[in-house]
Trainee: 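Before we start, here is the structure in question, set down as structure tokens.
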Amino acid sequence: MFALIRSNVVDLPTNISLSYFWCSGFMLSSFVIIQVISGVILSFLYVADSYSSFSCVVDFTSESLFVWFVRYMHIWGVTLIFMLFFIHVGRALYYSSYSKLGVWNVGFILYLLMMIEAFLGYILPWHQMSYWAATVLTSVLGSVPLLGDSLYKFVVGGFSVSSVTLVRVFSVHVCLAFIILGLILVHLFYLHKSGSNNPLFVSGGYGDVVFFHSFYTFKDGFLLFCLFYVCLWFFLISPDFVLDVESYVEADPLMTPESIKPEWYFLAFYAMLRSVESKVGGLILVLVFLFVLWLPTMNSSCCYSVLRQYIFWSVSSLFLLLSYLGACHPESPYVFISSLSSYLIIILLILFKGLWVVPYSGFVRSLIK
């Protein structure tokens with residue numbers, strides 16, 4: 001066991017050209033572990049009931065300083081995890097990491113599971129926005145042809161979001177966290193098996209190497225310390241900065257909020273869902289975007305190609321624009337711009353992954369030679 005850890009952490013040969021963008025994976029793993037630990041502590045105090053959940057969560061802030069600290073660490077941890085996720089996925093796209101099949105496939109599954117995990121955790125406080133966000137997004141399941149009604153009742157546990165839903169959400173939220181931890185180990189296994197990519201595009205990543213320890217352990221440790229410092233500064237100075245105003249209003253099925261919107265890391269997908277009048281059409285649009293984002297290809301072009309740069313930064317800008325539009329009221333011209341941006345980002349992603357492609361067979365033959 002010690003030899004396995006040493007070969008994968010201490011004596012792992014790593015390309016010396018990796019920048020701080022390659023530290024995002026270690027940052028993600030660290031904050032996921034923190035989320036699991038803080039989540040387990042909060043699960044001992046949480047009551048999954050529509051009549052008690054809101055008051056239970058609100059009481060966390062006055063229970064003790066330790067519980068207050070754990071709760072806000074859990075809240076800010078989600079924000080940091082998704083910020084790091086976007087940096088991590090963006091860097092992987094920029095440097096064509098999707099050509100490494102094992103690493104990319106497991107990483108993309110991790111991203112989907114993390115989104116599900118975050119949405120489930122968002123429902124648990126049972127405030128106005130979480131209740132109505134759950135109502136709106138679960139209603140999309142009911143619009144699925146043939147299986148819609150059965151799927152909706154299975155997930156929700158009845159004809160509407162209720163205490164039964166809350167119990168199911170809490171159970172899946174806890175279990176899914178440990179599945180994510182296991183998949184992170186699988187992701188690391190494939191990463192160490194195939195080798196990391198690098199900004200110099202050295203084949204195999206082993207053109208000029210150093211041992212992971214102590215060059216990268218200190219580099220990762222320094223960035224983790226800086227990120228912790230920024231996180232602590234934010235949630236000690238303004239702990240509720242990432243919370244919606246409706247977070248302190250108990251869920252009321254009879255009163256709809258003026259504007260229903262999810263957390264910031266779901267806003268781009270929410271804008272896509274709203275950009276099509278049909279619920280099924282919006283769901284298909286999101287699934288097509290995720291499929292194109294996942295689609296692994298073999299790129300023969302360097303990331304420093306000017307055309308490739310234009311396409312990548314256009315995709316990034318459109319994703320940020322969709323995130324902004326997702327927070328706006330569903331009215332003209334926001335819906336029209338959301339629809340246009342959604343189709344355009346999919347087309348650009350197809351171009352980004354479709355151009356400069358070499359066939360897998362030819363790629364394998366070139367490796368053998």
Trainee: In terms of ring plane angle, is the pair Tyr324 and Tyr334 parallel, tilted or perpendicular, where the classes change at 30° and 60°?
Mentor: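 Because their plane-to-plane angle is over 60°, the rings of Tyr324 and Tyr334 count as perpendicular.
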
Trainee: May I have the list of side-chain donor-acceptor pairs in residues 25-37 shorter than 3.5 Å, sequence neighbours left out?
Mentor:
| from | atom 1 | to | atom 2 | distance (Å) |
| --- | --- | --- | --- | --- |
| Ser29 | OG | Gly25 | O | 3.1 |
| Ser30 | OG | Phe26 | O | 2.9 |
| Gln35 | NE2 | His74 | O | 3.1 |

Trainee: Of Tyr248, Tyr51, Tyr131, which meets ring-ring contact (aromatic ring centres under 6.0 Å, His included) against Trp126?
Mentor: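 Only one of Tyr248, Tyr51, Tyr131 forms a ring-ring contact (aromatic ring centres under 6.0 Å, His included) with Trp126, namely Tyr131.
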
Trainee: How would you list all residue pairs meeting ring pair (Phe, Tyr, Trp, His ring centres under 6.0 Å) that involve residues 152-171, not counting sequence neighbours?
Mentor: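 Checked against ring pair (Phe, Tyr, Trp, His ring centres under 6.0 Å) - neighbours excluded - the pairs reaching residues 152-171 are Tyr46-Phe170.
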
Trainee: Ring pair (Phe, Tyr, Trp, His ring centres under 6.0 Å), that's the test. Do Tyr95 and Trp22 meet it? Break it down for me.
Mentor: CA-CA 11 Å; Tyr95 291 103; Trp22 270 262; 5.0 Å; yes

Trainee: Please check if the side chain of Lys353 supplies one atom and the backbone of Leu293 the other of a donor-acceptor pair under 3.5 Å.
Mentor: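 Pair found, side chain donor or acceptor close to backbone of Leu293.
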
Trainee: Could you go through the ring pair (Phe, Tyr, Trp, His ring centres under 6.0 Å) check for Trp68 and Tyr72 one step at a time?
Mentor: CA-CA 6 Å; Trp68 178 92; Tyr72 278 102; 5.0 Å; yes

Trainee: Checking Ser247 now: which residues fulfil side chain to side chain contact (heavy atoms under 4.5 Å, CB included) with it, not counting sequence neighbours?
Mentor: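 For Ser247, the residues satisfying side chain to side chain contact (heavy atoms under 4.5 Å, CB included) (neighbours in sequence not counted) are His127, Leu243, Asp244.
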
Trainee: Could you pull out all residues at least two apart from Trp264 that satisfy side chain to side chain contact (heavy atoms under 4.5 Å, CB included)?
Mentor: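 With neighbours one apart ignored, the set is Thr79, Phe82, Met83, Phe86, Leu267.
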
Trainee: Transitive ILVMFWY cluster of Phe54 at side-chain heavy atoms under 4.5 Å: who else is in it?
Mentor: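 Members other than Phe54 - counting any ILVMFWY side chain reachable under 4.5 Å - are Val58.
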
Trainee: What distance separates Ile87 CD1 from Cys23 SG, expressed to the nearest 0.5 Å?
Mentor: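 SG of Cys23 is found 11.0 Å from CD1 of Ile87.
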
Trainee: Is the NZ or CZ atom of Lys219 positioned over Tyr20's six-membered ring, under 6.0 angstrom from the centre and within 45° of the axis?
Mentor: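 Here Lys219 passes the 6.0 Å and 45° test against Tyr20.
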
Trainee: Other residues, nucleotides and ligands only: do more than 12 of their heavy atoms fall within 6.0 Å of CD on Glu277?
Mentor: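 It does not: Glu277 CD has 12 such atoms or fewer within range.
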
Trainee: Please enumerate all residues that pass side chain to side chain donor-acceptor pair (under 3.5 Å) together with Gln128, with sequence neighbours excluded.
Mentor: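 If we apply the side chain to side chain donor-acceptor pair (under 3.5 Å) test to Gln128, skipping adjacent residues, the hits are Trp132.
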
